[in-house]
Every structure is written in C-alpha cells, then in structure tokens.
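Note sheet for the following structure.
We count residues from 1, following the sequence as given. Just so it is clear, the model here is predicted, and its values are computed rather than measured.
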Amino acid sequence: MAEKESNKETFAVDKATQFPAWYDRILVEADVMDKRYPVKGMPIFTTYGYHMHCQIMEILEREWAKQKIDKVQFPILIPKEFFEKEADHVAGFTPEVFWVTKGGEKELEAPAALRPTSETAMYSMFSIWVRSFRDLPLKIHQTCTVYRYETKDTMPLIRAREIHWNEAHTCHATEAEALENLEAAWKSYLYLINDCLGVFGVRIRRPEWDKFAGATHTDVLDCVLPSGKVLQSVGAHYLGQGFAKAFNIKFLNDKNEFEHGYMTCYGVSTRLLATCLSTHGDNKGLVLPSKISKYQVVIVPIIMKKGAEEVKAAARALADKLREAGVGVVLDDAEKKPGEKYYYWEMKGVPLRIEVGPRDVENNVFMLVRRANGAKQTYPQADVVKSVQTALEEQDTLLRDNAKKFHDDHVTTCMTMDEAVQTIQTKGGFVRIPYYSNGVDGKEGDKIVHAKTGGEVRGFVVGETMEPGHVCAATGKPATCWAYVARSY
C-alpha cells in the first residue's frame, strides 16, 4: 500500500478503553442505524443493520418451525381491560406503557396500550382457543416490535423505546411438558447464540425480587460486553398457572375435569445483535459472523493502466461463481484507491476480502484476506468457492474461540466483598460470590452488594451447590448458594 494511503483509515477507535465511543460511532459509521430520526429511543434500522437482525430472526424462526411453534401476528394495540387482568404483570409494566387515548380528534371509549409485551393480548385469546386437552400444546410466536417508555438514557439496540424482537408463548397440559418446552427453547437459543453468532454468556435464574412480572421463575442469558458490564440477551419465563387463572385459560382434561394450563414465554431482541457486534468488533470496526453478514466476501479489483479490463473481467467471474454457490458478494469497482476500499470494508466487518490484480490474472490466482486476523493467502481462481467456504468456517470458529475465552476470563470467583469490588472495578464481568439466600429475603443483601460494587445480584446458576462452611460475602450469614454479581446495562 502506498504511504499516502495509510492515513485514510475509515475507523480507528480503541474498543477496549473507549467502548462507549466505539459503540456509538460504529453503529452510525458502519451504517447499522441512523440516529437522526427525531423521536428519542427510536432510531432507524438501515439496510445493512436490518439485514443482520432479520438473519437472526430467520434462524430463530426456522428453529421454532422445527419445534412446531406456529407463527402469528397480533395487533399492536392492547385494550386496557386485557392489560389489567394480571395484577403483578400490570404493576411491573405500567410505568413503561405508551397509552393511545385518541383517534384523530375523538377520545377513544377506552384507552389502549401500545404493546409493551404480548402476554395480555395473546392470553385473552388463549382463553377462547383452548377448550380441551386436544387443543394442547398451544405454541405460537411472532416477530414484531414492542414499545416501552424507557426513561433512562436510550442506547441503540440495547435500551430503546421501540424494540424489535421475537417472542414465543406456549400453553401446556402439565407442568412437566411446559418445563420440557422451555429446555427445548434453550437448546435453540444456544444454537443461535453459540454456534451461529459465536457469543457466550451465563445462563442464570433471576432472583425472586427481579423476575419477570407474573412469572414463577425467569431464566436469562447474561453476556459480558467489552465495557465490563453485562447485557441480558435472552429472557425465558415459566409462568406456571398464574396467567392461566387470571385469563381463565382452562381445558377439559382426559378425566373430564377442568384444569388451568401451564404456560411459558420467551424472547430475544436486538440486544442479541448488540452483544454480537460488541463481542467480535475491533479497533478497525465490525467483525461479522458469516451467518448474519449481508456480504460474506468483498472483491476489490486492483486496477492499473495495463490489463485493467482483464482484471475487471476476472473479478466479475469470481463474483459470479460465488453468487451461484449462494455466497453473498459485493464487487467494489468504484474509482477509489485500493487502500480506501480495504479500510471501508474492514470497518463494515465483511468476513473475507478477495484482491485480484494484473499479476493474479496472469497466474490464475487471487489473494484472500481474512477480516478477523488479517491473514492473507493466495488460491487458484478455479478453487474460489471451496476456498471461501473453508475460510468462512475457519473464521467463524476463530470468532467463537476468542469470544469463549473472553467470556471465561470474565467470570471470577471472589470469596469476600473486597475481592468482588476490586474485580468489578479493574476487570469487570461477573463476580461469583457466596451468598445467603436466593429467595425474596436475599434482596436485603443485594442492597449491600449494590452499595459496595455499583453492581447487583444478577442471579444464580440452577444446580450449583454451595460447600458447607462458607459465609455470605455481603452479609456474613451462612452461605447457601453462589450469586452472580455484575454491573449491567
């Protein structure tokens, strides 16, 4: 690369030390979102970013289809009378609800909520659809938007007032079937998150004082971001029979007796995309897993005075072969210097770059450059499809391995509060501390944790046991469990 081109970096922010600035800039400069829309918390999903979100949703929808969870689409407005049927749920969500009170200049007969989540809307219909054990299980999902009046500082993809997500809701004849359904959902989520996106987190059960409003229990996947804070990327809730009783969802069982259904709900939003982009990106910009990238390969022809047409033809031929094989390709033949193109597409996170110049044409080869580590290698043009497919698999594996190491390095066991404070301040991530209770009475200890660390008890790993003799790091009481503490978004 010529020396005068070396200063034309499209993006250069130290992600490790300036993550908030990195995140804020990369979403705009890589054309993931446009924040200029004049409604707080409602940025525009531009083409490049929306493609990634849609790919995530499509992978998930295919998983739900395998599990015979049917796709539906409910109205965005929820009658107030529906919304008020479940007391705990109402108390949890009312502060965040947008209310529609007028149609044109006319007051509505009854206010309607802009959907903050769909339990009350769907379960009002479940009570009509479910009559017999033959109607069960009832399993539906929708990919939609929900609206919450977020009063904190908004943050694109992470904390917004318009949230793009997929939510699933199910009703079952027995508790065992409902819990089995949740475990099947978790397998699909972890396939999407670990295998497809290369992201890792801790699956934890939320404390009794911080579970989903109206749920029996809530399990989540919390992922550590480069800031050291954690972000909830999955929420899955066992609702028991509480909503079924509130909405009169009951069925005639095989003993000819009426029984209330056992219910679950679970969902993922754009927070999962935020986690993916934040985890894999580097100081040059995004680094995208191949399964969500709009383009898997960018082809940059190296145009010189001699052999220009032959180079262009070779580049087009390589692009055609890849497209025929189902690979997303962009051919960048703009009249710019190669260095400018390299920096731009590196910032956009395209997994692979192909360079082809006059000498490559003469030798029937091309140069393949990997975004994740910058490795370069020459391949025969005849092998372009196989070479690219192999390189994509290898790069995705590298991203997974790096993300797993980062995750493992940011879960630290601390036996005292002093150790926990120091770890959270210097390293971030999760600190795993001995704790006295995972029940409602544990909330008092959480206040101590927050005052000392600035974080909170995020939850507990189901099945982890506490060895006898340990004391709670927060209160000094006998410890009964391990609590996962972190600062969060």
Open item on the list: For the CZ atom of Phe243 and the NE2 atom of His169, what is their distance to the nearest 0.5 Å?
Closed with: 9.5 Å

- [ ] Begin with the C-alpha distance, continue with both residues' side-chain angles, and end with the deciding distance and a verdict on salt bridge (charged side-chain N to carboxylate O under 4.0 Å, His left out) for Lys404 and Asp408.
- [x] CA-CA 6 Å; Lys404 185 65 165 61; Asp408 291 345; 2.9 Å; yes

- [ ] Please examine the side chains of Trp165 and Glu167, heavy atoms only from C-beta on, and report whether any two atoms are closer than 4.5 Å.
- [x] yes

Task: Arg115 side chain to Val146 backbone, donor-acceptor under 3.5 Å - done: no

Open item on the list: Heavy-atom count check: over 12 atoms from other residues, nucleotides or ligands less than 6.0 Å from Asp153 CG?
Closed with: no

Task: Expected output: side-chain Thr145 to main-chain Glu162 donor-acceptor under 3.5 Å - done: no

Open item on the list: Glu346 and salt bridge (Lys or Arg N to Asp or Glu O under 4.0 Å): which single residue from Arg353, Arg370, Lys341 fits?
Closed with: Arg353

Open item on the list: When you compare the side chain of Lys139 with that of Trp64, does any pair of heavy atoms fall below 4.5 Å?
Closed with: no

TODO: Mark yes or no for whether Lys40, through its side chain, and Arg161, through its backbone, hold a donor-acceptor pair below 3.5 Å.
DONE: no

Open item on the list: Please tell me whether Thr275 and Ser233 have a donor and an acceptor in their side chains that are separated by less than 3.5 angstrom.
Closed with: yes

TODO: Taking atom NZ of Lys376 as the centre, report whether more than 12 heavy atoms of other residues, nucleotides or ligands fall under 6.0 Å from it.
DONE: no

Task: More than 12 heavy atoms from other groups under 6.0 Å of CZ on Phe98 - done: yes

Open item on the list: Using only atom types and a distance under 3.5 Å, with no angle test, would you say the side chain of Asp34 pairs donor to acceptor with the backbone of Phe45?
Closed with: no

Open item on the list: Please check if the number of heavy atoms outside Arg359 that lie under 6.0 Å from its CZ is greater than 12.
Closed with: no

Open item on the list: When you measure from the side chain of Tyr189 to the backbone of Gly267, do you find a donor-acceptor pair of N or O atoms at a distance under 3.5 Å?
Closed with: yes

- [ ] Applying ring-ring contact (aromatic ring centres under 6.0 Å, His included), name anything that partners Tyr379, two or more places apart in sequence or on another chain.
- [x] Phe366

Open item on the list: Quick one: does any side-chain atom of Trp22 pair with a main-chain N or O of Thr17 as donor and acceptor, under 3.5 Å?
Closed with: no

Task: Tyr238 and His217 aromatic ring geometry - parallel, tilted or perpendicular at 30°/60° bounds - done: tilted

Using residues 49-61 as the side-chain source, report each donor-acceptor pair under 3.5 Å to any protein atom, sequence neighbours left out, with the distance given to one decimal.
residue: Glu61; atom: OE1; partner: Lys71; partner atom: NZ; Å: 3.2
residue: Glu61; atom: OE2; partner: Lys71; partner atom: NZ; Å: 3.0
residue: Glu61; atom: OE2; partner: Thr143; partner atom: OG1; Å: 2.6

- [ ] Name all residues meeting the ring-ring contact (aromatic ring centres under 6.0 Å, His included) criterion together with Trp99; count only those two or more places apart in sequence or in a different chain, and write none if there are none.
- [x] Phe83

Task: Asp24 side chain to Pro20 backbone, donor-acceptor under 3.5 Å - done: no

TODO: Report, as yes or no, whether the 6.0 Å neighbourhood of atom NZ on Lys187 holds more than 12 heavy atoms from other residues, nucleotides or ligands.
DONE: no

Open item on the list: The criterion is ring-ring contact (aromatic ring centres under 6.0 Å, His included); which residues satisfy it with Tyr48, sequence neighbours excluded?
Closed with: none

TODO: Decide side chain to side chain donor-acceptor pair (under 3.5 Å) for Gln232 and Arg206; before the verdict, give the C-alpha distance in whole Å, the side-chain angles of both, and the deciding distance to 0.1 Å.
DONE: CA-CA 11 Å; Gln232 179 180 315; Arg206 280 280 185 258; 2.9 Å; yes

- [ ] Ignoring hydrogens and angles, tell me if any N or O in the side chain of Asn283 forms a donor-acceptor pair with the backbone of Lys15 under 3.5 Å.
- [x] yes

For residues 324-334, please give each side-chain donor-acceptor pair under 3.5 Å, one per line with the distance, not counting sequence neighbours.
residue: Asp332; atom: OD1; partner: Ala334; partner atom: N; Å: 3.2
residue: Asp332; atom: OD2; partner: Trp345; partner atom: NE1; Å: 2.7

Open item on the list: Restricting to non-hydrogen atoms, name the atom on Leu225 and the atom on Phe406 that form the minimum distance, rounded to 0.1 Å.
Closed with: O-CZ, 3.9 Å

- [ ] Under the side chain to side chain contact (heavy atoms under 4.5 Å, CB included) rule, what do Ile26 and Leu277 come out as? Steps first, then yes or no, please.
- [x] CA-CA 9 Å; Ile26 197 59; Leu277 301 183; over 6 Å; no

TODO: Report the relative orientation of the aromatic rings in Phe126 and Trp129; use parallel for angles under 30°, tilted for 30 to 60°, perpendicular for over 60°.
DONE: tilted

Task: Rounded distance [0.5 Å steps], CZ in Arg271 versus CG in Leu157 - done: 10.5 Å

TODO: For the pair Tyr484 (side chain) and Arg203 (backbone), establish whether a donor and an acceptor sit closer than 3.5 Å, ignoring hydrogens and angles.
DONE: no

Open item on the list: Would you say Glu96 and Tyr149 are linked by a side-chain donor-acceptor pair, where the criterion is simply a distance under 3.5 Å?
Closed with: no

- [ ] Mind checking side-chain contact (heavy atoms from CB on, under 4.5 Å) for Arg159 and listing every partner two or more places apart, or none if nothing turns up?
- [x] Glu150, Lys152, Met155, Tyr489

